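Just so it is clear, the structure is predicted and the values come from calculations on it, not from any experiment. All ligand and atom numbering here is 1-based and tracks the order in the structure.
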Amino acid sequence: MGMAEKLVSVVCPWCSVGCRFYIVSVNGYPKKIEFDYENDIRNHGKLCPKGVAAFQYLRHPDRLKRPLKRVGERGEGKFVEISWEEAIKEIAKKLSEIREKYGPEALAFLGSERCSLEENYVLQKLARALGTNNLEYVCRLCQSTAVVGKGKVLGHPGLTNPFEDILKAKVIVIWGYNPAASNPVFFGQYVEKAIIDNNATLIVVDPRKTETAKYADIHLQPYPGTDLAVALAMLNVIITKELYDKDFVAERAEGLEKLATIVERYTPEWAEEVSGVPAELIRKAAITFATAGTAALLTNEGVNQHTNGTKTVMALTEMMVLCGYFGKEGVMSGAIPGAHNGMGAGLAGVEPDALPGKFPLHAEQHRKRIEEAWGFKIPEKPGITYVEMVDAILEGKIRALYVMGTNPAKSLPNLKKVEKALKNIEFLVVQDIFLTETAKYADIVLPAAAWFEKDATAISFERRIQRSFKAAEAPGEAKPDWEIIVMLAKELGLGKYFNYSSADDILREINRIVPPLAGATPERLKKNLKGCMIHCPDENTETPRLFVKGFLTPNGKA
Ligand code: SF4
């Protein structure tokens with residue numbers, strides 16, 4: 001290795017597993033990757049093809065390098081380059097004018113699961129300093145049913161156990177999720193290993209013959225959208241055959257009689273009619289699951305993204321509760337997000353009705369505590385949701401939209417309507433690394449640094465918070481998203497609230513504001529590349545397993 005070369009440890013941004021590796025950086029230029037076999041990290045040195053090719057896009061010729069101002073029609077993609085000074089001045093002027101004329105609720109801000117914890121944090125702080133809670137990010141659309149469903153039953157939606165616990169599970173249920181394709185390192189290092197080394201039984205529920213289903217001992221193939229029928233029938237079998245953990249249910253749950261009454265009519269034969277899955281196969285899956293002793297149940301968008309998604313998530317979570325599969329080793333329950341920092345964006349506070357740490361906006365003690373730390377008043381009225389924002393733009397209620405690292409013109413439902421909204425909005429700013437479909441509609445486009453071009457913190461689906469370090473220089477004049485927000489805040493006269501000169505400064509403020517992240521300090525995350533599992537209330541503590549003593553519902557019971 002030459003003198004100018006250095007090894008920089010990074011987190012892969014292409015899915016939520018949180019694999020680490022090194023980028024060999026030569027004078028700020030990313031030369032190649034190296035596997036990390038030495039540090040005790042989750043991927044044990046392994047990467048999937050997405051990780052191996054992870055940085056290739058950095059030097060793509062289409063990367064944005066300088067701020068742009070629109071000169072053509074919206075959506076036409078015609079821009080001229082302008083200076084940073086001109087761009088920031090124009091954005092500040094226009095946001096101030098709109099705020100003055102229509103009120104702060106005419107502004108809306110979109111954060112991103114692709115950006116860091118720190119960047120999402122400063123974005124939501126800016127929105128709130130300007131007087132609005134109109135804050136959103138797209139992960140909330142994908143995961144909303146899972147968050148609500150698991151939240152209702154358990155009081156917390158996160159993955160319950162560390163990855164290695166699945167190695168001790170005797171049965172693994174993978175429902176509406178294809179980790180062999182979408183999270184290959186997690187599948188290979190944990191699920192496949194559990195099957196081979198621990199003889200775990202794999203039950204897959206998916207209408208498709210997926211890569212994951214090829215490993216299944218039992219494969220249930222319901223018609224799309226009928227997962228709830230299968231879940232209810234499995235509950236029916238577990239309750240009527242009294243296969244549930246009576247001690248656990250008596251101590252940790254309530255409402256068994258009500259649940260038994262509800263599922264009484266949902267027999268496997270009924271479910272066969274609805275879902276097409278043979279009744280005997282449903283019975284076999286339910287008995288195998290309930291009698292295993294230890295079990296993991298992992299779900300994803302195949303469950304979430306149906307109109308009955310919340311109910312299906314609740315039924316599956318109740319199945320785990322009935323069998324006593326919480327709060328111990330060898331079990332796991334979780335809904336797996338796709339993007340690498342969905343949990344980070346939520347914990348940063350990019351939500352219309354939640355503060356950093358996901359404390360409800362209406363929880364006065366937390367609002368006051370954060371107001372005191374920030375030095376300004378947080379608006380009390382909740383903001384509007386992503387889909388409502390599109391309507392509000394079309395109705396002229398939202399006049400300015402600030403988009404950081406996300407692409408609603410590509411990712412939202414009903415794209416024709418979204419395009420119409422973006423065409424008609426009074427003022428649109430997009431900061432991103434490419435001229436995305438959304439950026440083509442923007443008045444001002446700001447060039448952002450990519451993930452490997454900055455120090456950045458992310459939270460994987462294991463609830464593990466990790467630091468990724470700057471391994472490459474950004475092209476042209478591109479800047480990290482947090483730096484852009486700080487520049488804008490200063491131009492808006494809010495500089496005293498945004499006194500940061502590094503991502504570390506921002507993370508330290510998050511440590512002070514968000515108690516579950518208090519111990520995830522920059523120093524700890526630099527020293528311990530493996531990071532720590534939230535909640536980490538101090539620098540020596542982490543929470544590998546949720547619900548060891550009780551659930552996080554108001555009375556501690558499921
Ligand atoms: S499994 Fe996910 S995090 Fe790991 S290398 Fe592949 S894309 Fe990256």
Side-chain angles (χ1 to χ4, degrees), residues 7-24 30 32-58 60 112-117 139 142-143 158-159 162-164 166-167 172 174 177-195 210-212 214-215 296 298-302 332 334-345 405 433 450-472 525 529-534:
L7 270 182
V8 183
S9 181
V10 294
V11 174
C12 176
W14 296 117
C15 87
S16 56
V17 174
C19 298
R20 294 197 80 98
F21 58 94
Y22 290 113
I23 289 181
V24 179
K32 59 177 181 175
I33 65 148
E34 274 196 14
F35 300 95
D36 179 353
Y37 293 106
E38 285 159 19
N39 291 297
D40 175 26
I41 53 173
R42 314 311 288 149
N43 49 317
H44 309 129
K46 304 285 190 292
L47 292 176
C48 78
K50 287 183 283 182
V52 172
F55 74 76
Q56 289 181 5
Y57 72 104
L58 293 183
H60 194 286
S112 173
E113 59 291 334
R114 301 250 158 241
C115 295
S116 69
L117 174 73
C139 253
C142 316
Q143 290 288 322
L159 190 81
F163 286 166
E164 57 266 26
I166 209 169
L167 299 172
I172 300 170
I174 294 187
Y177 170 38
N178 185 12
S182 54
N183 301 129
V185 172
F186 169 67
F187 186 80
Q189 292 298 297
Y190 297 94
V191 179
E192 198 179 353
K193 246 192 182 144
I195 295 167
T210 60
E211 290 81 354
T212 305
K214 287 180 193 153
Y215 292 78
L298 303 175
T299 59
N300 203 331
E301 313 300 23
M332 186 180 285
I336 314 303
H340 79 298
N341 195 28
M343 212 180 288
I433 62 173
W451 182 255
F452 298 121
E453 294 162 351
K454 59 197 175 188
D455 289 344
T457 305
I459 304 175
S460 73
F461 85 72
E462 199 191 13
R463 289 184 287 111
R464 185 171 297 279
I465 180 165
Q466 302 186 85
R467 206 74 194 285
S468 186
F469 301 97
K470 180 177 173 178
L525 300 184
L529 292 179
K530 187 180 176 185
C532 50
M533 288 182 73
I534 56 174

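A salt bridge links Lys530 with Asp40; the closest basic N to acidic carboxylate O contact falls under 4.0 Å.
Below 30°, between 30° and 60°, or above 60°: for Phe452 and Phe21 the angle between ring planes is above 60°, a perpendicular geometry. A perpendicular orientation is assigned to the rings of Trp451 and His340, their planes being inclined by more than 60° (bins at 30° and 60°). In this pair, Phe186 and Phe461 present their aromatic rings perpendicular. The plane angle is above 60°, beyond the 30 to 60° band.
Near-neighbour remark for atom 2 (Fe) of ligand 1: protein N, O or S atoms under 2.8 Å are Cys15 SG; waters not counted.
Although no hydrogens or angles enter the test, the distance criterion places a donor-acceptor pair under 3.5 Å between the side chain of Asn341 and the main chain of Cys115.
The closest side-chain heavy-atom distance from Arg42 to Val17 is not below 4.5 Å.
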